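Just so it is clear, the model here is predicted, and its values are computed rather than measured.
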Amino acid sequence: MSIVCPSWLSFILYNPVRKALTDRRKIVTESGIIKDSVVLEVGAGNGFLTEVLAENAGKTYAVELQEGMIQKLKKRVQKFGNKVAIIRGDIASIVLEKEFVDVCLLYYCFHEVGNSIKAAENIAGAVKKGGILSIYEPTMEVGKQEMQKTAALFEQTGFTKETERNRFFTRFVRLRKRLY
């Protein structure tokens, strides 16, 4: 497990170079997010993806652990009004409504979760049957085997793997929650 990026270093998460190298709209598309989607974004940080989610989804629930990041996130998404709800806490221990989201997006964050089993159970409970879970991880921090273990963990909680990809900077897997 790596260390969570502290809020005073948040400029590395949201900067012109990262924006140029990351096709945020492609992330939205390949995660199955449409205009009416209800999205759970885990590890929202300072809002690098949250603002794009708010532009493209019906409602985004942004989960963030650090108060410093939440303050930056609030500023970034205030223009979206009630399209974004910020939830402060650890995804492994917060209480979420059952089956209320269409898509859960884990972008460069699941490898930082302390209790991955509890987090996976919590996420699985929040995603509707037939809903999508998209996981993106940095290749420099998450090896292929570790990514496969993460996918297997979610498969044990009721998801089926639909697709996966390994690129130079990013590993990606998309899973769908089973209907039964």
Atom pair OG/CG of Ser37 and Leu53 - distance to nearest 0.5 Å: 10.0 Å
Least distance between heavy atoms, Ile132 atom then Gly32 atom: CD1-CA, 3.9 Å
Lys/Arg-Asp/Glu bridge criterion (N-O < 4.0 Å) met for Glu162, Arg174: yes
Test log, rule side-chain contact (heavy atoms from CB on, under 4.5 Å), inputs Val52 and Val28: CA-CA 8 Å; Val52 176; Val28 167; 3.6 Å; yes
Stepwise salt bridge (charged side-chain N to carboxylate O under 4.0 Å, His left out) check, Arg171 with Glu146: CA-CA 10 Å; Arg171 297 187 196 289; Glu146 189 177 349; over 6 Å; no
Residue pair Phe154 / Ile123, side-chain heavy-atom distance below 4.5 Å: yes
Side chains of Phe168 and Thr139 in contact at under 4.5 Å (non-hydrogen atoms): no
Partner of Thr170 under side chain to side chain donor-acceptor pair (under 3.5 Å), chosen from Tyr107, Tyr108, Tyr136: Tyr108
Single-linkage hydrophobic cluster Ile86~Met69, side-chain heavy atoms < 4.5 angstrom: no
Distance-minimising heavy-atom pair for Val127 and Lys177: O-NZ, 2.8 Å
Closest non-hydrogen atom pair, Met147 against Val142: N-CG1, 3.8 Å
Co-membership, hydrophobic cluster, residues Leu105 and Phe169, 4.5 Å side-chain: yes
Over 12 non-hydrogen atoms of neighbours within 6.0 angstrom of CD1 in Ile117: no
Backbone of Phe159 reached by a side-chain donor or acceptor of Arg178 within 3.5 Å: yes
Cluster overlap Val101 with Ile91, hydrophobic side-chain contacts below 4.5 Å: yes
Non-hydrogen side-chain atoms of Arg167 and Phe172 separated by less than 4.5 Å: no
Nearest-0.5 Å distance, CD1 of residue Ile135 to CZ of residue Phe110: 7.0 Å
Derivation of the side-chain contact (heavy atoms from CB on, under 4.5 Å) call for Thr50 and Arg76: CA-CA 9 Å; Thr50 315; Arg76 180 148 292 123; over 6 Å; no
Any Tyr61 side-chain heavy atom under 4.5 Å of Leu96 side chain: no
Minimum heavy-atom distance Leu73-Ala44, with the two atoms named: CD2-CB, 3.9 Å
From Thr160 atom OG1 to Leu175 atom CG, the distance as rounded to the nearest 0.5 Å: 8.0 Å
hydrophobic_cluster_shared for Leu106 and Val63, side chain cutoff 4.5 Å: yes
Heavy-atom check, side chain of Val42 versus side chain of Cys104, under 4.5 Å: yes
Any donor-acceptor N/O pair, Asn56 side chain to Ile33 backbone, under 3.5 Å: no
Heavy-atom donor-acceptor pair, Glu137 side chain to His111 backbone, under 3.5 Å: yes
Pairwise side-chain contact, Leu49 with Arg24, heavy-atom cut-off 4.5 Å (strictly under): yes
Distance, nearest 0.5 Å, that separates CD of Glu155 from CG of Leu153: 9.5 Å
Heavy-atom pair of closest approach, residues Ala151 and Lys161: CB-CE, 4.0 Å
Shared hydrophobic cluster for Leu40 and Val77 (ILVMFWY, side-chain gaps under 4.5 Å): no
Distance-only donor-acceptor check, side chains Thr60 and Glu41, under 3.5 Å: no
Considering all heavy atoms, the nearest Gly89-Ile94 contact: CA-CG2, 3.6 Å
Residue that, paired with Arg25, satisfies salt bridge (Lys or Arg N to Asp or Glu O under 4.0 Å) out of Glu51, Glu30, Glu55: Glu55
Pairwise distance NZ(Lys74) to NZ(Lys72) - rounded to 0.5 angstrom: 13.5 Å
